[in-house]
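Comments concern the structure below.
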Amino acid sequence: MISDIALHMAQNAYDIETECIKEAKNNFDKNAFSKAVELLKNAERIATSGCGHSGIACRHFAHLMCCIERPARFISPAEAVHGGSGYLKKNDVILFASRGGKTAELMPILDICKKKGVKVITVTENLDSPLAKNADVVLKQYINRETDKHNMQGTTSTTSLIVIFHSLQAALIEETDYSEEQFALIHPGGAVGARLNGE
């Protein structure tokens with residue numbers, strides 16, 4: 001059996017993240033969120049980019065977009081400056097995720113996108129950051145603290161970011177009238193595919 005302190009910290013993680021999501025909802029910016037949904041809805045192509053935990057979450061968001069037939073891909077910061085940003089054309093959308101809004105690896109991509117006329121959505125905690133100030137839309141990320149005792153691992157911050165991504169997808173399903181039948185066609189695999197296809 002692990003120690004009582006370890007068990008307490010484990011259970012406390014649920015409380016920390018629950019509090020974070022509740023507070024984030026209380027500070028939900030309807031105008032900024034609506035603008036972001038409109039950009040994503042009208043984009044021919046969508047890209048996402050971020051580093052570390054934010055990058056992992058951005059991969060998830062790109063997949064979510066593909067699952068509702070919004071063509072999207074994650075562009076790694078390393079590949080973006082070696083030709084990967086060629087995926088994007090004028091009026092497409094890129095979503096950057098950076099808690100501090102100053103991730104050095106994203107700055108060259110931001111510059112490329114601004115020159116190409118790509119629309120920028122930034123998700124960040126820091127509204128005064130370069131990635132926020134140069135975005136077309138900023139979605140503020142709220143984080144109370146990370147779940148570990150040192151407040152250093154990307155735990156709560158990742159959860160809060162993914163909740164923003166899930167809320168964007170939920171809104172886009174409504175705005176595009178995306179149907180179960182459409183999803184059943186592109187997702188015949190697994191238990192979800194079997195249920196949607198009546199198997």
Side-chain angles (χ1 to χ4, degrees), residues 17 19-62 64-65 68 70 72-77 80 85 87-146 154-176:
E17 297 206 1
E19 178 188 332
C20 177
I21 293 169
K22 286 182 177 179
E23 188 59 30
K25 183 181 178 183
N26 290 337
N27 289 280
F28 185 82
D29 186 333
K30 293 181 181 178
N31 291 330
F33 186 85
S34 295
K35 290 177 183 177
V37 170
E38 283 295 320
L39 287 180
L40 294 167
K41 176 183 174 182
N42 294 319
E44 185 175 344
R45 284 167 293 270
I46 298 165
T48 66
S49 196
C51 292
H53 286 93
S54 295
I56 292 167
C58 282
R59 290 178 188 272
H60 173 58
F61 183 63
L64 284 176
M65 293 296 95
I68 55 172
R70 316 306 303 169
R73 69 166 59 165
F74 172 78
I75 300 179
S76 82
S85 54
Y87 167 73
L88 289 163
K89 307 297 182 186
K90 185 176 182 179
N91 293 323
D92 287 344
V93 172
I94 188 165
L95 183 148
F96 291 117
S98 169
R99 179 175 179 178
K102 300 177 182 178
T103 305
E105 294 89 341
L106 301 182
M107 296 306 167
I109 312 172
L110 174 65
D111 186 50
I112 292 168
C113 289
K114 299 302 282 186
K115 289 177 179 177
K116 293 186 73 171
V118 175
K119 302 295 184 183
V120 175
I121 299 171
T122 293
V123 183
T124 182
E125 189 180 34
N126 185 0
L127 301 185
D128 293 322
S129 64
L131 282 172
K133 288 184 175 180
N134 289 284
D136 295 282
V137 179
V138 181
L139 298 179
K140 181 170 172 56
Q141 185 181 8
Y142 173 80
I143 304 104
N144 48 353
R145 61 160 291 127
E146 308 292 7
T155 51
T156 311
S157 53
T158 303
T159 299
S160 72
L161 179 58
I162 287 176
V163 169
I164 291 171
F165 291 163
H166 291 178
S167 66
L168 286 169
Q169 190 210 36
L172 281 163
I173 287 172
E174 293 300 321
E175 287 295 300
T176 61

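Fair warning: this is a prediction, and the values are worked out from it, not measured in the lab.
Taken from CD in Gln169 to CG in Leu64, the straight-line distance is 4.5 Å, to the nearest 0.5 Å. Atom CD of Glu175 sits about 8.0 Å away from atom OG of Ser34, to the nearest 0.5 Å. For the atom pair Leu106 CG and Ser129 OG, the distance stands at 10.5 Å (nearest 0.5 Å). Atom NZ of Lys115 and atom OG of Ser85 lie 11.0 Å apart (nearest 0.5 Å). Of the inter-residue distances, the one linking Leu88 atom CG with Ile94 atom CD1 reads 5.5 Å to the nearest 0.5 angstrom. Here CG of Leu168 is found 11.5 Å from CD1 of Ile173. Values are rounded to the nearest 0.5 Å.
Screening residues 22-32 for salt bridge (charged side-chain N to carboxylate O under 4.0 Å, His left out) gives no qualifying pairs among residues at least two apart or on separate chains. Screening residues 19-43 for ring pair (Phe, Tyr, Trp, His ring centres under 6.0 Å) gives Phe28-Phe33 as the qualifying pairs, with residues at least two apart or on separate chains.
Every residue two or more places apart in sequence or in another chain that forms a side chain to side chain contact (heavy atoms under 4.5 Å, CB included) with Glu44 is listed here: Asp92. In this structure, His53 has no ring pair (Phe, Tyr, Trp, His ring centres under 6.0 Å) partners at least two apart in sequence or on a different chain. Tyr87 meets the ring pair (Phe, Tyr, Trp, His ring centres under 6.0 Å) test with no other residue; sequence neighbours excluded. Take Phe165 and apply the ring pair (Phe, Tyr, Trp, His ring centres under 6.0 Å) test, not counting sequence neighbours, and it matches Phe61.
Looking only at side-chain heavy atoms (C-beta outward), Arg73 and Arg45 stay at 4.5 Å or farther from each other. In this structure, Arg70 and Leu40 have side chains that are not in contact, with every pair of non-hydrogen atoms separated by 4.5 Å or more. Side-chain contact between Ile75 and Ile109: absent, with no pair of heavy atoms (C-beta onward) separated by less than 4.5 Å. Side-chain contact check for Thr159 versus Cys20: every heavy-atom pair is 4.5 Å or farther apart. Side chains of His60 and Ile56 form no contact here, defined as non-hydrogen atoms less than 4.5 Å apart. The closest side-chain heavy-atom distance from Thr156 to Arg145 is not below 4.5 Å. Counting heavy atoms from C-beta on, the side chains of Leu95 and Ile46 never come closer than 4.5 Å. The shortest distance between side-chain heavy atoms of Thr124 and Leu131 does not fall below 4.5 Å.
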Chi angles and distances behind the side chain to side chain contact (heavy atoms under 4.5 Å, CB included) call for Ile143, Glu125: CA-CA 8 Å; Ile143 304 104; Glu125 189 180 34; 3.9 Å; yes
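Among Val120, Thr122, Ile121, Val118, the one residue that satisfies the side-chain contact (heavy atoms from CB on, under 4.5 Å) test with Asp136 is Val120.
Here the shortest heavy-atom pairing between Ala57 and Leu161 reads CB-CD2, 3.6 Å. In this structure, Ala97 and Ser54 approach most closely via the heavy-atom pair O-CB, 3.5 Å. Across every non-hydrogen atom of Cys58 and Thr48, the tightest pair is O-OG1, 3.0 Å. Among all heavy-atom pairs drawn from Ser157 and Gln141, the shortest one is O-NE2, 2.7 Å. Residues Lys102 and Pro130 share a closest heavy-atom pair of CG-CD, 3.8 Å. Between Met107 and Gly101, the shortest heavy-atom contact is CE-O, 3.7 Å.
At most 12 non-hydrogen atoms from other residues, nucleotides or ligands lie less than 6.0 angstrom from NZ of Lys133. Enclosure of atom NZ in Lys116 by more than 12 non-hydrogen atoms of other residues, nucleotides or ligands within 6.0 angstrom is indicated.
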